[in-house]
Number of protein chains: 2
Amino acid sequence: MNTHEPPSRRRRATLGDVARLAGVSSVTVSRVYREPQLVSPAARDRVEAAAAELAYIPNRLAAALASSQTHTIGVVVPSLTNGVFNDFLSALHNTLLGAGFQALVLDSRYLAANEERAIATLLGHHPEAMIVTGVDQTATARRMLEQSGVPVVQTMELTDDPIDINIGLSHPAAGYAALRFLLDCGARRIAHMMAPLDARAVRRREGFERELRANGLDPIVIHSTKPTSVSLGAELLGELLAAHPDVDAIWCSSDYLALGAMFECARRGIRIPDDIAILGFNDLELCAVAHPSISSVATPRYEMGQTTAEILLELLRGSGRRPADRRIDLGFEIRARDSTRRP
Amino acid sequence: MNTHEPPSRRRRATLGDVARLAGVSSVTVSRVYREPQLVSPAARDRVEAAAAELAYIPNRLAAALASSQTHTIGVVVPSLTNGVFNDFLSALHNTLLGAGFQALVLDSRYLAANEERAIATLLGHHPEAMIVTGVDQTATARRMLEQSGVPVVQTMELTDDPIDINIGLSHPAAGYAALRFLLDCGARRIAHMMAPLDARAVRRREGFERELRANGLDPIVIHSTKPTSVSLGAELLGELLAAHPDVDAIWCSSDYLALGAMFECARRGIRIPDDIAILGFNDLELCAVAHPSISSVATPRYEMGQTTAEILLELLRGSGRRPADRRIDLGFEIRARDSTRRP
DNA sequence: AATCGAAATGACAGCGCTTTCATTTTGAAT
DNA sequence: ATTCAAAATGAAAGCGCTGTCATTTCGATT
């Protein structure tokens, strides 16, 4: 280690510096950025030249503090590595960015305590709205959100008791539908593969099991506390077959698990869908292109992000008008492909 | 649309509110958060009770403005949906979070203009350091980073002319090594599949082509301006075979492309590695578990994130000590698996 | 040339916190 | 009981910007 100079340790230029160089007051400089039409072209030019010369970058912290408008929206998702949230976030960004809002995203890694901390951190940045995943916030987190005074959206799943606005889909219903679909395809020894770290996966499983029992069948559920991944899918398939060699269908609570299970089947010479049918969840891009293509329960991830963003923008700009219904069900849809027999 | 009340529109509690309720001055409240050992236990208790009652959350904007310490680090990556950057970011978070720093992440979607804007936005938040991907910043972006006065790390790839600190690997060398590996496996009609949106992929290709020509072979390169994805891999395989039915090996510039190509081969009854060998890039988690398992050039993504974070923390806390060498090569490694013949 | 409203500009206070320095309180030592 | 350093607390200024309101400048009109 040696100690050479940082690239340039000098103080960053401020509004005042630009004003002095341009020979105007700092209010005028401020206006050049916020309401240029109020400034004469001559002054504007001088300010812009001065700003360029000083490589001036406005201090958003100061601006936000003074105007109490941060133009940011806080977002907490369970995972950044899961394709599901990528689609959601990218829709969010697409809609928000155009309106001059910026999303501050933190991940909770599927832990309620992390989520609580993330919410506190984000609220410290005074976002103009908050978006959280799911409906299982801790009591403290819920209270913080309520007290924050900003609009809150809970996404991805539905609840009867939303904090504020709720946009998502019913996971028990998805579980129910998945089971019906597999039954319709003629399966009878149906297993479920899941990662119970995800509260929504647990609720899907509940809908699934309920309907399974209603049909006089016994649930076969295999799970792991590890986060979902392709390799976990392969691993769980091994465990499943060791315990229940006669399964004829598997519903995987994520497409990654489905893909891993499919790879492991291929490795063992198990034919899909003839020996075992496989149904995924989410319908990620890879489902359609896999070989065999993977049947999956498609979730409206992009639409959830977009709807969330649109409603918030309407709320933030449009004089606080909120949707008539604070709970919006965006549904799901089963896409039948080659990894399941035809119904 | 109707216009019901937001959850609570009242002003958020401030330091002063807490102080008043606790019967102390606001400085004392501030100290309870920053240097609790300077406050008497009695006062501390009263402050904490008051803060809890008011659901007080410190305003980080104000704190940052007053102390000019934001405890944030700005990060720009090309894509949030790509597993490569997820590993990098998660290493970054793991190391930074423990030290009380928070990463503000923006994505450029592989566009230099977006990157420039993202850098400006992040600098507006006054981060204490900046991390950018690659070495192809626009002149303006480079100038902003230099002027910012904070440490800057360029990651993922190496350059002879870093802005400040540079941590990565040599992509031309990776291209060279990939070709050598395939040659050693006995391949002769070697194709390259890539998405030139990614500047690093272009440099890998250069290393690859140079060595190919040096061996008297003609480059077969198939590419698309779309971002990399599994389905793109399948699509490009179709195009490739239409133009060059006799290829015996394909190096895919991303594992997603490799997976897509593999699916498409399976669909067409092409055997891997017997008819065509496939080599990926990055060695994502799925390579090892795929069937057949995918050979890939492994990149030290996690290590890059961790090293970057550690060096920055050392720099920010440890009185500005910088690494002896401002350029750190973390290398790569070829993992031979079943999708290529044995060398 | 005088008048007047609109356009352009600036002075000043304040956003919620931290920093600095001064003051008060405490408790141990005489 | 005094003394004095250490511990605890507070008053005031200021971080860089914006909001508000007052003032100046300008061009058009009579």
Side-chain angles (χ1 to χ4, degrees), chain A residues 10-48 50-51 54-72 100 121 123-128 148-149, chain B residues 10-48 50-51 54-72 100 121 123-128 148-149:
Chain A
R10 76 167 159 291
R11 197 176 60 83
R12 273 166 63 160
T14 69
L15 252 199
D17 298 332
V18 177
R20 211 166 304 120
L21 185 58
V24 296
S25 76
S26 48
V27 203
T28 302
V29 179
S30 175
R31 271 196 278 259
V32 167
Y33 287 90
R34 292 177 301 110
E35 301 175 285
Q37 75 283 0
L38 294 184
V39 179
S40 68
R44 212 182 306 161
D45 289 349
R46 270 180 301 144
V47 167
E48 274 160 6
L54 297 174
Y56 169 65
I57 294 180
N59 184 334
R60 292 194 167 231
L61 268 43
L65 183 60
S67 68
S68 55
Q69 294 204 290
T70 55
H71 292 294
T72 61
T121 301
L123 286 177
H125 286 275
H126 279 237
E128 300 188 22
S148 74
Chain B
R10 74 167 162 291
R11 198 176 58 84
R12 273 167 64 161
T14 70
L15 251 199
D17 299 333
V18 177
R20 211 165 305 121
L21 185 60
V24 296
S25 77
S26 49
V27 203
T28 302
V29 179
S30 174
R31 272 196 278 258
V32 168
Y33 287 90
R34 292 177 301 109
E35 301 175 287
Q37 74 284 359
L38 293 185
V39 179
S40 68
R44 212 182 306 161
D45 288 348
R46 272 180 300 143
V47 167
E48 273 159 5
L54 297 174
Y56 170 65
I57 296 179
N59 185 334
R60 292 194 168 232
L61 268 42
L65 183 61
S67 68
S68 55
Q69 294 203 288
T70 55
H71 292 292
T72 62
T121 300
L123 286 177
H125 286 275
H126 280 235
E128 299 188 23
S148 74

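Letters A, B, ... mirror the listed sequences (proteins, then strands); counts begin at 1.
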query = Are any side-chain N or O atoms of A:Asp17 and backbone N or O atoms of A:Thr14, one a donor and one an acceptor, separated by less than 3.5 Å?
reply = yes
inquiry  = Show the nearest heavy-atom pair for residues A:Thr70 and A:Ala64, with the distance to one decimal.
reply    = CG2-CB, 3.7 Å
query = Taking atom P of D:dG16 as reference, at what distance in whole Å does atom CG of A:Leu54 sit?
reply = 14 Å
task = Take the protein atom NE2 of A:His125 and the nucleotide atom P of C:dC15, then report the distance between them rounded to whole Å.
result = 21 Å
query = Expressed in angstrom and rounded to an integer, what is the separation of B:Leu61 atom CG from C:dT18 atom C1'?
reply = 14 Å
request  = Could you tell me whether the side chain of B:Arg60 and the main chain of A:His125 form a donor-acceptor pair under 3.5 Å?
outcome  = no
inquiry  = Can you measure A:His71 atom NE2 to D:dT18 atom P for me and round it to whole angstrom units?
reply    = 10 Å
query = So does B:Arg34 get a side-chain nitrogen or oxygen closer than 4.0 Å to the phosphate oxygens (OP1/OP2) of C:dT18?
reply = yes
request  = Using a 4.0 Å cut-off on protein heavy atoms (strictly under), produce a 5'-to-3' string for nucleotides 4-14 of chain D with B for base contact, S for backbone-only sugar-phosphate contact, and - for none.
outcome  = ----SBBB--B
message = Once rounded to the nearest 0.5 Å, what's the spacing between atom CG of A:Leu65 and atom NE2 of A:His126?
response = 9.0 Å
From CG (B:Leu15) to CG (B:Leu54), nearest 0.5 Å = 11.5 Å
query = Whole Å only: how far is the CG atom of B:Leu15 from the P atom of C:dG16?
reply = 10 Å
ask   = The side chain of A:Ser30 lies closest to which of these nucleotides: D:dT18, C:dC17, D:dG16?
value = D:dT18
key: Length of the line joining A:Asn59:CG and C:dC15:P, which is rounded to integer Å   = 18 Å
request  = Using a heavy-atom cut-off of under 4.0 Å over every strand shown, decide if B:Tyr56 touches base, sugar-phosphate, or nothing.
outcome  = sugar-phosphate
Rounded distance (Å) that lies between atom P of C:dT9 and atom OH of A:Tyr33 = 16 Å
note = Exactly one of A:Val18, A:Val47, A:Val24, A:Val27 clears side chain to side chain contact (heavy atoms under 4.5 Å, CB included) with A:Val32, and that residue is A:Val47
Whole angstrom value for the distance that separates C1' of C:dA13 from CG of A:Leu65 = 13 Å
ask   = Under 3.5 Å, is there a donor-acceptor pair between the side chain of B:Arg31 and the main chain of B:Val39?
value = no
